[in-house]
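Beneath this line is the structure, given in structure tokens, with notes to follow.
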Amino acid sequence: MPKSPINIVWFKRDLRFTDHEPLYRALEQDIPVLLVYFFEPSLIQYPDSDVRHWRFVYESLTEMQGRLEDRNGRLYLFHQEVLPVLDALTEHYSIQNMYSHEEIGNSLSYQRDKEVKVFCDLHGIQWKETPTNGVIRKLRSRKTWQKRWDERMNQPPFLVREHDWNLIHLASTLYDSLKGKKIPVDFTTRNPKFQEGGEYWAWKYLQSFVQTRHQDYSKSISKPEASRRGCSRISPYLSYGNLSMRMVYTFTKQHYSQSGNRRSLQNFISRLHWHCHFIQKFEDECRMEFEAINLAYQSLEKKRNIDYIKAWEQGQTGIPLVDACMRCLVETGYINFRMRALVVSFFVFNLWQDWRDLAHFLARQFLDYEPGIHYPQIQMQAGITGVNTIRIYNPIKNSMEHDPDGIFIKKWVSELKAVPPSLLHEPWKLSEMEQKMYHVNLGQDYPFPIIDVENSRKAASEQVWAIRKTKIARQEGTRILQKHVNNPQNRKA
DNA sequence: TTAGGCTTCCG
DNA sequence: GGAAGCCTA
């Protein structure tokens with residue numbers, strides 16, 4: 001009996017139906033379509049992954065399935081690696097085409113894709129991958145990148161009619177034999193402290209930002225507390241593809257003229273460029289997941305101090321703003337950009353620890369973890385690209401400037417709740433009497449600083465700048481600039 | 001949208 | 001003696 005032909009749409013980090021090119025292309029064909037998502041155990045176990053990510057994915061998928069049920073359709077979830085499932089499907093079906101987005105992921109997903117490609121070639125399956133947002137695969141030169149980004153964002157979105165989809169139903173015996181172990185209860189249980197997954201919430205956040213919340217964007221963006229409301233908060237939806245960049249861009253443009261604060265929306269749009277710009281760097285030089293992109297810094301060795309690392313992870317460094325940020329991040333999956341830069345700076349400069357010893361931990365904490373932004377950003381903030389100026393943040397100065405009343409700090413470091421703002425940023429200076437008065441016993445309730453901020457800053461600065469001045473560091477800097485930042489508009493990057 | 005140090009200017 | 005502005009790491 002001849003096997004019946006099918007096409008497959010493989011959802012990865014593109015969990016939406018709106019402006020989804022693979023889905024659009026598949027539905028154009030006159031062949032029934034199978035929609036699949038894989039919870040791959042290998043990826044779940046990779047050290048950059050956390051239950052919060054899979055929960056977000058599961059919420060997104062649940063929403064998509066809900067919409068399909070109205071149309072008697074189905075999106076099939078497998079708690080299983082990709083290849084064994086594809087292999088088994090070829091026993092029952094003649095897979096013609098497989099459609100997916102190009103994924104810019106960690107090395108494990110890259111390896112997996114290479115194996116899938118081999119499999120597809122072997123079985124005569126055409127695997128058609130389409131671009132993700134503004135990122136260009138096999139980019140030769142950065143020269144026209146910006147232009148191509150604009151073009152792509154201005155193209156009409158791939159909108160599919162919401163009915164008469166020719167979707168395939170798997171026989172339940174077949175699905176049961178392939179779907180793998182039950183999806184862990186952790187993944188299917190909601191934690192109300194995190195943003196909600198799915199297209200519905202993605203649009204809620206985008207809409208409220210573009211229509212009203214952007215008003216104070218520029219003012220709140222650097223503030224740990226105000227940013228939670230004043231920033232768009234669409235980052236997890238972009239990371240998991242609940243929104244396409246094109247839809248964000250188009251929607252924002254559409255509301256631009258009615259905005260009471262156009263400058264804010266302009267700032268926001270320029271950050272949409274930056275989003276893709278960073279992912280493009282990672283796409284072009286993905287070894288930066290493991291090694292310093294600038295050769296000169298590959299020899300930089302730092303002595304690992306487990307006590308420092310643990311104190312930093314747990315928000316017990318004795319620097320109130322750093323601790324507040326870390327505790328808040330662990331609990332809610334979000335802190336704003338500047339505070340991320342600050343905690344990275346504290347780790348790599350003040351504590352003088354290797355960036356690789358924070359990369360996976362932070363990846364697990366960020367609900368919006370996006371490998372293509374994560375690694376270029378961490379390397380830049382660690383001052384090892386040889387391109388930008390080295391930014392060593394002063395956590396005390398930032399504390400006073402961005403949380404002057406200590407509202408954010410007191411929320412997350414409740415040990416210091418009674419300390420007045422004038423003393424809050426440097427609690428180690430509290431006298432015995434003040435400690436009694438403000439109900440905090442330093443060294444007991446709240447630690448003394450684990451490091452001298454001023455001295456450690458000086459030492460770090462000297463060492464990093466010494467490497468920076470070497471010939472090889474500067475040569476590499478030029479190479480990196482040419483490869484990744486050829487557009488004059490981005491030259492400051 | 002880096003930080004600190006140094007100079008200058010002012011009261 | 002402090003604020004503001006420029007320079008350099």
Side-chain angles (χ1 to χ4, degrees), chain A residues 146 214 216-227 230-232 235 261-278 281 292 294 296-297 300 319-322 325 335-352 355 358 373 376-404 422 425-426 449 451-478 480-481 484-485 487-493:
Chain A
Q146 186 61 53
H214 71 276
D216 295 324
Y217 184 57
S218 309
K219 226 170 52 193
S220 352
I221 196 161
S222 295
K223 309 268 184 286
E225 187 60 31
S227 60
C231 287
S232 75
S235 52
N261 189 344
R262 295 184 190 181
R263 182 182 276 267
S264 278
L265 287 187
Q266 202 98 65
N267 283 342
F268 175 65
I269 288 174
S270 87
R271 281 183 174 80
L272 300 180
H273 293 85
W274 282 98
H275 182 102
C276 296
H277 165 81
F278 274 97
K281 288 189 199 209
N294 187 314
Y297 289 89
L300 178 61
I319 314 294
L321 183 61
V322 173
C325 284
I335 47 173
N336 62 320
F337 180 82
R338 195 186 173 95
M339 292 304 119
R340 293 182 195 200
L342 182 128
V343 297
V344 170
S345 163
F346 188 79
F347 186 93
V348 298
F349 295 124
N350 297 103
L351 298 181
W352 199 244
W355 61 276
L358 66 55
I373 295 179
Q377 273 297 336
I378 284 180
Q379 292 212 17
M380 193 174 106
Q381 254 120 37
I384 56 173
T385 63
V387 174
N388 316 279
T389 192
I390 292 161
R391 290 165 207 200
I392 306 178
Y393 287 76
N394 180 337
I396 300 156
K397 179 173 170 278
N398 274 272
S399 189
M400 291 168 175
E401 281 174 7
H402 298 302
D403 190 26
S422 58
H425 306 285
E426 298 170 287
I451 197 112
D452 182 309
V453 172
E454 176 62 13
N455 289 334
S456 57
R457 189 210 102 231
K458 278 188 189 143
S461 179
E462 271 170 36
Q463 296 195 63
V464 186
W465 275 107
I467 303 175
R468 176 63 176 277
K469 281 186 248 171
T470 61
K471 199 174 165 203
I472 173 149
R474 280 180 291 139
Q475 279 174 346
E476 277 282 286
T478 310
I480 292 163
L481 208 60
H484 297 287
V485 203
N487 186 319
Q489 253 188 301
N490 292 334
R491 196 157 299 272
K492 271 186 254 145

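What's counted below: heavy atoms across the whole structure, side chains too, no hydrogens, waters or symmetry copies. Every chain is numbered from 1 and lettered A, B, ... according to where its sequence line falls, protein lines coming before strand lines.
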Legend entry - Listed partners of A:R468 passing side-chain contact (heavy atoms from CB on, under 4.5 Å), at least two apart: A:Y297, A:I390, A:W465

Legend entry - Euclidean distance, atom NZ of residue A:K219 to atom P of B:dT1 [Å, nearest integer]: 15 Å

Legend entry - A:H275 vs A:I373 side-chain heavy atoms within contact, under 4.5 Å: yes

Please list, pair by pair, any protein nitrogen or oxygen found under 3.5 Å from a nitrogen or oxygen in nucleotides 2-4 of chain B.
residue: B:dA3; atom: OP1; partner: A:N398; partner atom: ND2; Å: 2.9
residue: B:dA3; atom: OP2; partner: A:K397; partner atom: NZ; Å: 2.8
residue: B:dG4; atom: OP1; partner: A:N394; partner atom: ND2; Å: 3.0
residue: B:dG4; atom: OP2; partner: A:N394; partner atom: ND2; Å: 3.3

Inset, instruction - Pick base, sugar-phosphate or nothing for A:S345, based on heavy-atom distances below 4.0 Å to the nucleic acid. - result: nothing

Inset, instruction - Answer whether the closest heavy-atom distance between the side chains of A:Y217 and A:N267 falls below 4.5 Å. - result: yes

Inset, instruction - Quick one: do A:E454 and A:K458 satisfy salt bridge (Lys or Arg N to Asp or Glu O under 4.0 Å)? Show the steps, please. - result: CA-CA 6 Å; A:E454 176 62 13; A:K458 278 188 189 143; 3.3 Å; yes

Inset, instruction - Taking side-chain contact (heavy atoms from CB on, under 4.5 Å) as the test, write out the residues that go with A:K397, two or more places apart. - result: A:N394, A:E401

Legend entry - Set of residues satisfying side-chain contact (heavy atoms from CB on, under 4.5 Å) with respect to A:E426, sequence neighbours excluded: A:I396, A:M400, A:W428, A:K429

Inset, instruction - Indicate, with a heavy-atom threshold strictly under 4.0 Å, whether A:I396 touches base, sugar-phosphate, or nothing. - result: nothing

Legend entry - Any A:H402 side-chain heavy atom under 4.5 Å of A:N336 side chain: no

Side-chain donor/acceptor pairs under 3.5 Å, residues 376-385 of chain A, sequence neighbours excluded:
residue: A:Q377; atom: OE1; partner: A:Q381; partner atom: NE2; Å: 3.3
residue: A:Q379; atom: OE1; partner: A:I293; partner atom: N; Å: 2.8
residue: A:Q379; atom: NE2; partner: A:M288; partner atom: O; Å: 3.0
residue: A:Q379; atom: NE2; partner: A:E291; partner atom: O; Å: 2.9
residue: A:T385; atom: OG1; partner: A:V387; partner atom: N; Å: 3.3
residue: A:T385; atom: OG1; partner: A:N388; partner atom: ND2; Å: 3.4

Legend entry - Close approaches to DNA chain B from residues 460-470 of chain A, in residue order (heavy atom, under 4.0 Å): none

